[in-house]
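For the single chain, residues carry numbers from 1 onward in sequence order.
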Amino acid sequence: MGAVLLTAAVTTSSIAAIAQGRTATPPDISGYWELPLDGRHTPPARLATSVTPARLRAEANKNAKAIRWCNWVGMPTTMDVGRPLDIRQGTREIIILADSPVTPVRHLYLDRTAHISKDIFDPTTSGDSIAHWDSDTLVVDTTGFEPTHGVTAIPGGGFRTATSHLVERYRLLKNGTALSVTFTWTDPAVFATPHTYEFRYQRLEPGYEARPYSRCDPFDAERAAFLEGAR
């Protein structure tokens, strides 16, 4: 009888533990986050042999034009635009908004396990992002990038294309005061091997409020002359 009661107790405990694990509340990464000067670890990328100096120059010229005309910069520049990131976590999606006039809002969908069909989804500079929690780590999978718009440069070398695949892993550090984000880009058209780098953001104080920013004016002649190197 004792053995039966013990077995029943263990079984009940195991079921409770499994249920608790399934319903465990994930960490909350909501808040304002700033990327400090020493928060970037970007090793050089190993580029495919098809990425010639001429191709790199063409991408650089395209990026300069996007900045000059105040285009949406898109990924991955959104994550390092020089202003704080506002991250808001919900049950169906997580939103990332950079405090900048040239960065589109990122939507990381928690309620989907597959990317939208290419027949329905038009590629964008941010791509289509689906996300899930792996224990205390948020894993974000993004495809569907628009290769001709925005700033395509990837930290460490290379650039995004229509065949780029990005996997990000978000994890809180230092009792929630720091946020580690590792980025891994895979694209046979650009990289000889997957390219990984890491950013570590610092959480801003609870009372932080977004600062107003100047509107990006593509018709500002002085700004245009500065960017184009005119004297």
Side-chain angles (χ1 to χ4, degrees), residues 26-42 62-110 124-131 137-140 142 144-146 149-156 159-160 166-183 185 197-220 222-224 226-227:
D28 189 355
I29 61 174
S30 297
Y32 285 98
W33 299 92
E34 189 169 49
L35 186 60
L37 188 62
D38 60 352
R40 302 168 181 82
H41 176 65
T42 54
K62 184 172 63 178
N63 292 339
K65 184 178 180 180
I67 294 172
R68 160 67 178 83
W69 290 102
C70 302
N71 298 157
W72 289 122
V73 294
M75 285 295 290
T77 307
T78 293
M79 301 300 291
D80 185 12
V81 77
R83 302 293 294 267
L85 297 178
D86 183 7
I87 301 179
R88 298 298 158 184
Q89 180 174 325
T91 57
R92 297 182 60 185
E93 69 172 315
I94 294 174
I95 294 175
I96 300 179
L97 173 63
D99 188 11
S100 166
V102 293
T103 52
V105 179
R106 292 193 68 194
H107 298 268
L108 317 180
Y109 294 101
L110 295 163
T124 69
T125 57
S126 296
D128 176 44
S129 299
I130 54 177
T137 301
L138 177 70
V139 181
V140 182
T142 304
F145 291 107
E146 158 54 54
H149 298 159
V151 175
T152 60
I154 293 174
F159 45 88
R160 63 170 157 81
L166 172 62
V167 175
E168 300 161 274
R169 300 181 69 87
Y170 294 68
R171 186 166 57 91
L172 291 173
L173 305 174
K174 298 182 177 180
N175 295 319
T177 62
L179 177 65
S180 165
V181 184
T182 61
F183 306 80
W185 291 85
Y197 56 93
E198 180 183 5
F199 288 169
R200 291 194 174 186
Y201 300 85
Q202 294 178 347
R203 186 189 291 275
L204 296 179
E205 63 274 9
Y208 174 84
E209 295 184 0
R211 305 186 302 271
Y213 48 74
S214 300
R215 183 174 66 90
C216 187
D217 183 3
F219 302 107
D220 182 333
E222 183 177 348
R223 171 183 175 274
F226 170 74
L227 291 174

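Once rounded to the nearest 0.5 Å, the distance linking CZ of Arg160 with OG1 of Thr152 reads 6.0 Å. The structure places OG1 of Thr142 at 10.0 Å from CZ of Phe183, a figure rounded to the nearest 0.5 Å. Atom-to-atom distance recorded for Ile29:CD1 and Leu172:CG is 7.0 Å, nearest 0.5 angstrom. The line from NE2 of His149 to NZ of Lys62 is 9.0 Å long, rounded to the nearest 0.5 Å. To the nearest 0.5 Å, the span separating OG1 on Thr177 from OH on Tyr201 amounts to 15.5 Å.
Among all heavy-atom pairs drawn from Trp72 and Pro101, the shortest one is CZ3-O, 4.0 Å. Taking all atoms of both residues into account, the shortest heavy-atom contact from Asn63 to Gly150 is OD1-O, 3.7 Å. In plain terms, the two heavy atoms of Phe145 and Thr125 that are nearest each other are CD2-O, 3.9 Å. The two residues Gly90 and Leu110 come nearest to each other via the heavy atoms O-CD1, 3.4 Å. Nearest heavy-atom pair, Gly156 versus Thr42, reported as atom, atom and distance to 0.1 Å: N-CB, 4.5 Å. Heavy-atom minimum distance, Asp80 versus Phe199: CB-CE1, 3.8 Å.
Legend: residues meeting salt bridge (Lys or Arg N to Asp or Glu O under 4.0 Å) with Arg106, ordered by chain and number and at least two apart, are Glu168. Not counting sequence neighbours, the partners of Thr124 by the side-chain contact (heavy atoms from CB on, under 4.5 Å) test are Phe121, Ser126. Arg223 is linked by a salt bridge (Lys or Arg N to Asp or Glu O under 4.0 Å) to nothing, counting only residues two or more places apart in sequence or in another chain. Under the side-chain contact (heavy atoms from CB on, under 4.5 Å) criterion, Ala210 pairs with Tyr32, Asp99, sequence neighbours left out. Here Thr77 pairs with Val73, Val151 under the side-chain contact (heavy atoms from CB on, under 4.5 Å) rule; sequence neighbours left out. With sequence neighbours left out, the side chain to side chain donor-acceptor pair (under 3.5 Å) criterion links Asp28 to Ser30. Arg200 is linked by a salt bridge (Lys or Arg N to Asp or Glu O under 4.0 Å) to Glu198, counting only residues two or more places apart in sequence or in another chain. With sequence neighbours excluded, no residue satisfies salt bridge (Lys or Arg N to Asp or Glu O under 4.0 Å) with Glu34. For Val167, the side-chain contact (heavy atoms from CB on, under 4.5 Å) partners at least two apart in sequence or on another chain are Val139, Asp141, His165. Partners of Asp128 under the side chain to side chain donor-acceptor pair (under 3.5 Å) rule, at least two apart in sequence or in another chain, are Arg112, His115. When the side chain to side chain donor-acceptor pair (under 3.5 Å) test is applied to Tyr197, the partners found at least two apart in sequence or on another chain are Trp185.
When side chains are defined from C-beta on, Thr182 does not count as touching Arg171, because their heavy atoms never get closer than 4.5 Å. The shortest side-chain heavy-atom distance between Leu35 and Arg40 falls under the 4.5 Å cut-off. Between Tyr170 and Ile96 there is a side-chain heavy-atom pair separated by less than 4.5 Å.
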Quick one, Gln202 with Trp33, criterion side chain to side chain contact (heavy atoms under 4.5 Å, CB included). Give me CA distance, side-chain angles, the key distance, then yes/no. CA-CA 5 Å; Gln202 294 178 347; Trp33 299 92; 5.8 Å; no
Kindly indicate, with the supporting measurements, whether the criterion side chain to side chain contact (heavy atoms under 4.5 Å, CB included) is fulfilled by Val102 and Ile67. CA-CA 9 Å; Val102 293; Ile67 294 172; over 6 Å; no
If you apply the rule side chain to side chain contact (heavy atoms under 4.5 Å, CB included), what do you find for Met79 with Leu85, and how did you get there? CA-CA 7 Å; Met79 301 300 291; Leu85 297 178; 3.7 Å; yes
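Shown here is Glu222, whose CD atom has no more than 12 heavy atoms of other residues, nucleotides or ligands within 6.0 Å.
The list of side-chain hydrogen bond (donor to acceptor under 3.5 Å, both in side chains) pairs with a residue in residues 88-98, not counting sequence neighbours, reads Asp86-Arg88, Arg92-Asp111, Glu93-His107.
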